[in-house]
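To start, the structure itself, in structure tokens.
This structure is a prediction, so every number in the text was calculated from the model and none was measured.
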Amino acid sequence: MATPTGESRIEQPWGLRTPYGPGDVWPVRVDMQLAEGITPEDVQRWVPSASVLHSNGDAFDIAVIGGRIVGVRGRACDRINRGRLDPKDLYGWQATASADRLTTPLQRIDGRLVACDWDTALRRIVRRTRELLETNGPEAIAFYTSGQLFLEEYYTLAVLARGGIGTNHLDGNTRLCTATAAESLKQSFGCDGQPGSYTDIDHADVLALFGHNAAETQSVLWSRMLDRLAGPEPPALLCVDPRPTPVAQRATIHLVPLPGTNMALMNALLHELLEYGWIDRDYIAAHTVGFDELAAAVAEWTPERAADVCGLDPEDIRRAARLLGTSRRLVSTVLQGFYQSHQATAAAVQVNNIHLVRGMLGRPGCGVLQMNGQPTAQNTRECGADGDLPGFRNWANDDHVAELAGLWNVDPAVLAHHAPPTDAMRILRLAETGQLGMLWVSATNPAVSLPELARIRRILNGDKLFLVVQDIYLTETAACADVVLPAAAWGEKTGTFTNADRTVHLSEQAVPPPGQARSDLRIFLDFARRLELRDRDGRPLPPWDDEQGAFAAWQRCSAGRPCDYTGIDYARLRSGGVQWPRTPDRDSDDERLYADGEFFAHPDVCESFGKDLMTGEPLGEKHYRTANPEGRAMIRAAPWVPPPEPSSAEYPLRLITGRTIYHFHTRTKTARTPELQAAAPEVWVELSAADARAAGLEDGDRAEVSTPRGMLRAQARVTDIRTGVVFIPFHYGYWDTDDTRDTHTRAANELTRTDVDPASKQPLFKSGAARIRRIEGLG
Ligand SMILES: Nc1nc2c(c(=O)[nH]1)N[C@H]1C(S)=C(S)[C@@H](COP(=O)(O)OP(=O)(O)OC[C@H]3O[C@@H](n4cnc5c(=O)[nH]c(N)nc54)[C@H](O)[C@@H]3O)O[C@H]1N2
Ligand SMILES: Nc1nc2c(c(=O)[nH]1)N[C@H]1C(S)=C(S)[C@@H](COP(=O)(O)OP(=O)(O)OC[C@H]3O[C@@H](n4cnc5c(=O)[nH]c(N)nc54)[C@H](O)[C@@H]3O)O[C@H]1N2
Ligand SMILES: [Mo]
């Protein structure tokens, strides 16, 4: 399929340039992709939606003919993409109509999954839930959800699980994704919520990307950056990434730290900012606490010392610091190269610190974007379907807990827990030790995406665990389930979701779901009704019956909180994305948070009383009230410590994992899209020429990569990646291989470790020791 202009967006992922200068409005460019032989005039309906294949929030209309999706067209008027689309969005809609969608519930009988009806499937789940509630109580039940459902679905699940069943075990795969974004924002600003706006890119004179391959993972955002780079007075670009990504190739300065050393580099960059006085003393004095601790912590971190740890040239660190220090309008973005490593929160917080000490927040061109990855990750966090409470409420603040109990009309004791909401890795551990009797997985594929897959398979297949999987396909995870529930996909249901810069979009139903598939919202509500969950007055809980009702309830829950949605409704969203916070009395967006130097950090308001960055221990209310009584921004410092699995003689290389532009995660959609699958059909391993030589490998050879956890076989790709580091994309599971039983040799997570950042509990997908060798034949 080619676009109407003939160019293939597989070969030209970012499309044609529309250059612009500082302070100008990003020009419109409308991208469109229609099925072979269809013209725009043939299209019967254009249904408003936005992308669910990344967190950028690109808005577009779904083209429909006779109950079928036949293509997509970018929305020119939207503030996020101004009409542009990512290659996954241009082609990925085809997967929705794939012939192998789940169309009926399935239940396991005598070891095999067989089709059944909804009544049978839900009755079986309700029976199991009741048994567990009677014998072991609510803490025997856990929910593991996603960053890919809609706001209305998360809020429904949060009320059902926290207020109805009363379990503390509810988390999202956002734990693997943006738990660190949330945690770093809480640690610095007291509360989750992205300070910056995408329009900051229009004004910036320096763009700094920390462990973020935006070119492949938020390709429309990268187009915005490319258009600035192609226009007058282009910004300078700093890239911190051990790989020669497309971002690195355009960078003014490219730093290639050894994996596991981000924190040392950040301390040295801050050391230089302080040393040269590239700081805003008035801002620091008026709006922050903690500067002196930072000054003490970075005092020893000369560029030489960090260069030694990171394997960099000290002059490159100095140049990078000068670029940051002398910028007038700095935009920083942070993603998985920082979040999926051992000092994730500590390192991400240092990027916030750069903006705090330089007073570069809340003004056009001065923004930090602790990025999201998944399309609706922000909503998982806001709605409390992850390890947070709805509306960014603080689990350790009794008033916040009482407020929620009041909103839901349930006994506060149901919501009160002695510990923070349980994180996903801990939930899996509880399943492993037999403390969980039921795990309900929705819209995530942990049998491919969690670390140390051999262990995960053992847990998911465990005899004592009753596993419910709610998906649109029969995934590797669904294949382990006791009951499989067929969900309606994007395009087949209506709901809202929020991107990485707080912009909310509405996605409306364009076509009916296949067979008996139902929206996740309907499934959760049906379960709640059958379980007869009730509030204190005996009314059904949750009390709503559809997405409009869920949205209205969420507005009430968000009222007065930082993520206030009371001025956002479906009608308004039909004409384009709107940023939160938005109250009914205001008709323009709060484009940037903290413009007034006021933070959501007052002890009565904040979402967290803070954690020790090194141990993850909650610091507690008393400590917080003493350290930050007025609710200023918090400058938090930390030393660098070595990663938990250093390289050794046996495993001399550092293994990192990540993404390609053509695939989304475990490929359930992108492998079912012919153009995308053809662009990246098989797993590969990227290594440097020196490491290839040492292993006797040439470009294109078959290689075996091993770690203490397992091994995989992949085609070698020799690139300019930093020597000593190998990279493997994590997209490749097993569902399309012939033998799913004993050929677990394609998934990167066979190799990764069970270990987390202490503060955010995010797994370390980007650090571990590995070795590589050449193998003959197909392996
Ligand atoms: N095409 C595509 N786009 C996506 C997705 C997808 O699957 N495919 N997924 C979406 C989701 S959920 C997410 S979370 C985002 C992720 O988006 P990104 O974070 O941009 O993607 P990754 O490839 O996981 O990692 C980014 C970079 O981190 C670098 N890196 C690895 N280790 C280190 C380190 O120790 N230090 C530093 N500084 N860098 C390191 C890697 O080389 C890699 O280039 O993408 C979103 N967009
Ligand atoms: N090694 C390594 N591992 C990683 C990462 C890495 O960089 N390296 N990155 C991590 C990150 S950041 C992320 S976000 C995770 C992603 O990991 P997963 O969440 O496991 O990946 P997906 O393939 O997106 O799984 C989503 C599932 O939801 C289903 N689905 C899609 N839409 C719907 C819907 O509307 N309803 C329902 N019920 N189901 C739906 C899809 O078919 C798919 O099975 O992977 C993590 N794992
Ligand atoms: Mo993610």
Closest contact, heavy atoms only, Asp612 versus Arg636: CA-NH2, 4.3 Å
Give a yes or no on whether the backbone of Phe765 and the side-chain of Thr657 come within a donor-acceptor separation of less than 3.5 Å. yes
Between Asp200 and Arg329, does any NZ, NE, NH1 or NH2 come within less than 4.0 Å of an OD or OE carboxylate oxygen? no
side-chain contact (heavy atoms from CB on, under 4.5 Å) for Tyr624 and Met634? Distances and angles first, verdict last. CA-CA 10 Å; Tyr624 191 95; Met634 294 162 281; 3.5 Å; yes
Do Ser219 and Asp86 get their side chains close enough for a donor-acceptor pair, meaning under 3.5 Å? yes
Evaluation steps, salt bridge (charged side-chain N to carboxylate O under 4.0 Å, His left out), between Arg228 and Asp205: CA-CA 10 Å; Arg228 277 296 316 277; Asp205 64 357; over 6 Å; no
From the list Thr174, Asn379, Asn173, side chain to side chain donor-acceptor pair (under 3.5 Å) partner of Gln374 resolves to Asn173
With a 4.5 Å limit on heavy-atom distance, are the side chains of Phe727 and Pro259 in contact? no
Can you name the nearest heavy-atom pair linking Asn262 to Ala347, along with the distance? CB-CB, 4.1 Å
For a side-chain contact (heavy atoms from CB on, under 4.5 Å) check, start with the C-alpha distance between Asn352 and Ser184, then their side-chain angles and the critical distance, and finish with the verdict. CA-CA 8 Å; Asn352 298 340; Ser184 72; 4.0 Å; yes
Looking only at heavy atoms, which two atoms of Ala295 and Leu274 are closest? And how far apart? CA-CD2, 3.6 Å
Inter- and intrachain pairs under salt bridge (charged side-chain N to carboxylate O under 4.0 Å, His left out), touching residues 238-248, at least two apart: Arg243-Glu686
Straight-line distance of Gln350 CD to Thr345 OG1, nearest 0.5 Å: 11.0 Å
Backbone N or O of Ser760 within a donor-acceptor pair of the Arg175 side chain at under 3.5 Å? yes
Do the side chains of Asp227 and Arg29 get close enough for a salt bridge, i.e. N-O under 4.0 angstrom? no
Output the distance between atom CG (Leu356) and atom OG1 (Thr288), rounded to the nearest 0.5 Å. 6.5 Å
For residues Asp31 and Phe60, determine if any side-chain heavy atom of one lies less than 4.5 Å from a side-chain heavy atom of the other. no
Do Met225 and Leu209 make a side-chain contact, defined as non-hydrogen atoms from C-beta onward lying under 4.5 Å apart? yes
Report the residues that fulfil salt bridge (Lys or Arg N to Asp or Glu O under 4.0 Å) with Asp58, sequence neighbours left out, ordered by chain and then residue number. none
Quick check: does any side chain N or O of Asn267 sit under 3.5 Å from a backbone N or O of Ala297, one acting as donor and the other as acceptor? no
In Å and rounded to the nearest 0.5 Å, what is the CZ to CG distance from Arg318 to Asp313? 9.0 Å
Would you say that Pro195 contacts Leu185 through its side chain, given a criterion of any heavy-atom pair below 4.5 Å between the two side chains? yes
Donor-acceptor pair, side chain of Arg722 and main chain of Gly311, under 3.5 angstrom: yes
Would you tell me whether Arg358 and Ser327 have side-chain atoms, one donor and one acceptor, within less than 3.5 Å of each other? yes
Flag if over 12 foreign heavy atoms under 6.0 Å of CZ, Arg281: no
Show your reasoning for whether side-chain contact (heavy atoms from CB on, under 4.5 Å) applies to Arg625 and Asp604. CA-CA 9 Å; Arg625 286 193 185 273; Asp604 297 336; 2.7 Å; yes
Is the backbone N or O of Pro390 less than 3.5 Å from a side-chain atom of Arg561, with the two atoms forming a donor-acceptor pair by type? no
Would you please test Trp14 and Ile661 for side-chain contact (heavy atoms from CB on, under 4.5 Å) and show each step? CA-CA 11 Å; Trp14 306 292; Ile661 190 164; 4.1 Å; yes
Could I get the full list of side chain to side chain donor-acceptor pair (under 3.5 Å) partners for Ser341, not counting sequence neighbours? none
Would you say Glu300 has more than 12 foreign heavy atoms packed within less than 6.0 Å of its CD? no
Check: Ser332/His355 side-chain N/O donor and acceptor closer than 3.5 Å: yes
Who are the salt bridge (Lys or Arg N to Asp or Glu O under 4.0 Å) partners of Asp388, not counting sequence neighbours? Lys186
Starting at CG of Asn81, measure out to OG of Ser223 and round the result to the nearest 0.5 Å. 10.0 Å
So, for Thr252 and Arg319, which heavy atoms are closest and what is the spacing to 0.1 Å? O-NH2, 3.8 Å
Main-chain N/O of Gly260 paired to Trp640 side chain as donor or acceptor, under 3.5 Å: yes
Is there side-chain contact between Gln378 and Arg502, with heavy atoms separated by less than 4.5 Å? no
Is the side chain of His287 donor-acceptor paired with the backbone N or O of Gly597 at a distance under 3.5 Å, no angle test? yes
Can you see which heavy atom on Ala344 is nearest to which on Asp757, and at what distance? N-OD1, 3.2 Å
Gln336 versus Gln762, side-chain donor and acceptor atoms under 3.5 Å: yes
How about Asp720: does its CG atom have over 12 heavy atoms from other parts shown lying under 6.0 Å from it? no
Can you check whether Gln370's main-chain N or O pairs, donor with acceptor, with Gln194's side chain at less than 3.5 Å? yes
Have Thr199 and Glu591 got a donor and an acceptor in their side chains that come within less than 3.5 Å? yes
To check you understand the geometry: which heavy-atom pair defines the closest contact between Ile568 and Gln555, and what is its length? O-NE2, 2.7 Å
Measuring only between side-chain heavy atoms, which start at C-beta, is Phe600 closer than 4.5 Å to Phe392? no
What I'd like to find out is whether the side chain of Ser558 reaches to under 4.5 Å of the side chain of Asp564, using heavy atoms alone. yes
Does Arg84 count as lying over the ring of Trp26, i.e. NZ or CZ under 6.0 Å from the six-ring centre, within 45 degrees of the axis? yes
Keeping the roles fixed (side chain from Trp580, backbone from Val504), state whether a donor-acceptor pair exists under 3.5 Å. no
Are the side chain of Glu607 and the backbone N or O of Arg393 linked by a donor-acceptor pair below 3.5 Å? no
Straight-line distance of Asn372 CG to Thr178 OG1, nearest 0.5 Å: 5.0 Å
For residues Val25 and Tyr20, determine if any side-chain heavy atom of one lies less than 4.5 Å from a side-chain heavy atom of the other. no
For the atom pair CG (Leu335) and SG (Cys177), what is the distance rounded to the nearest 0.5 Å? 7.0 Å
Strictly by ring-ring contact (aromatic ring centres under 6.0 Å, His included), give each pair with a member in residues 174-216 just once, sequence neighbours left out. Phe189-Tyr594, Phe189-Phe599, Phe210-Phe338
Do any pairs count as a ring-ring contact (aromatic ring centres under 6.0 Å, His included) and have a residue in residues 228-277, sequence neighbours left out, and if so which ones? Tyr276-Trp278
